[in-house]
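Some notes on the structure that comes next.
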Amino acid sequence: MLSPVDALWFVLFVVVMAGLWWLAYRMDPHYSSKDGSRFLCHGQELVDGQANGRRKETRVTVLPDGVLTCTQKRYMRRSEAQWAIVGKAPQPPKGKAVYLVRQFENGAWLPPMLSLSVPAKSRVVPVLDAAMARRGVSP
């Protein structure tokens, strides 16, 4: 039988662990290379303009021609595809920059779209803005 003090410590331990788990889940993964051409961010698939599923950690590489190579982990495999920036959110959440990208293959647009969320002060933002300009997309 647990004493009241032991029970209190156990409950406190469970509450702290739950809080840490919640905090870790809410954190944005973000890493960027020094030149900003490779980075980690959250990506969320969009279907008909609506969010489909939850946000996933996405690895992005910005190629010299403005094309993005995005890799997402799906179950136990990683899927990689070519994406192009089609827009930037005019009023993103505070402290964020949100880009809308669309998948293409062999010059044909495919239905999937993805929103990429990065910190607004990241070194990635100017790189993505330059990629938008190279692709001829206005913000």
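Count residues from 1 along the sequence. All heavy atoms count here, side chains included; hydrogens, waters and symmetry mates do not.
- Summarising the geometry, atom CZ belonging to Arg123 is positioned 10.5 Å from atom OG belonging to Ser37; distances are rounded to the nearest 0.5 Å.
- A single hydrophobic cluster is seen to contain both Met132 and Val101, as judged by linkage of ILVMFWY side chains at heavy-atom distances under 4.5 Å, directly or through other members.
- At a threshold of 4.5 Å between side-chain heavy atoms, the hydrophobic network of Ile, Leu, Val, Met, Phe, Trp and Tyr places Tyr99 and Val62 in one connected group.
- Counting heavy atoms of neighbouring residues, nucleotides and ligands inside a 6.0 Å radius, atom CZ of Arg134 exceeds 12 of them.
- In this structure, CZ in Arg59 is found 12.5 Å from SG in Cys70, a value given to the nearest 0.5 Å.
- Contact between Leu116 and Cys41 at its shortest, heavy atoms only, is CD2-SG, 3.8 Å.
- Annotation: the span from Thr69 atom OG1 to Trp83 atom CH2 amounts to 11.5 Å, rounded to 0.5 Å.
- Between Val125 and Lys88, some side-chain heavy-atom pair lies under the 4.5 Å cut-off.
- Cluster annotation: Tyr31 is not connected to Leu68 through the hydrophobic network of ILVMFWY side chains, with a link wherever side-chain heavy atoms come within less than 4.5 Å.
- If you take CG on Leu114 and CD on Gln103, they are separated by 9.0 Å, rounding to the nearest 0.5 Å.
- Shown here is Glu80, whose CD atom has more than 12 heavy atoms of other residues, nucleotides or ligands within 6.0 Å.
- Shown here for Asp35 and Val127, the closest heavy-atom pair between the two residues is O-CG2, 3.4 Å.
- Nearest heavy atom pair, residue Ser115 against residue Leu46, reads CB-CD1, 4.2 Å.
- Heavy-atom minimum distance, Ser122 versus Ser32: OG-OG, 4.4 Å.
- Listed for the Gln44 side chain is a donor-acceptor partner under 3.5 Å among the backbone atoms of Gly53.
- Taken to the nearest 0.5 Å, the CD atom of Glu45 stands 11.0 Å off from the CE atom of Met113.
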If you look only at distance, which donor and acceptor atoms sit under 3.5 Å apart when one is on a side chain in residues 1-17 and the other is two or more places apart or in another chain?
from, atom 1, to, atom 2, distance (Å)
Ser3, OG, Asp6, N, 3.3
Ser3, OG, Asp6, OD2, 3.3

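- Defined by atom type and a distance below 3.5 Å, a donor-acceptor pair is present between the side-chain atoms of Gln72 and Thr58.
- Of the possible donor and acceptor atoms, one in the side chain of Arg102 sits under 3.5 Å from a partner among the backbone N and O of Leu110.
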When you look at Phe104 and Val67, which way does the side chain to side chain contact (heavy atoms under 4.5 Å, CB included) test go after all the steps?
CA-CA 10 Å; Phe104 69 94; Val67 173; 3.8 Å; yes
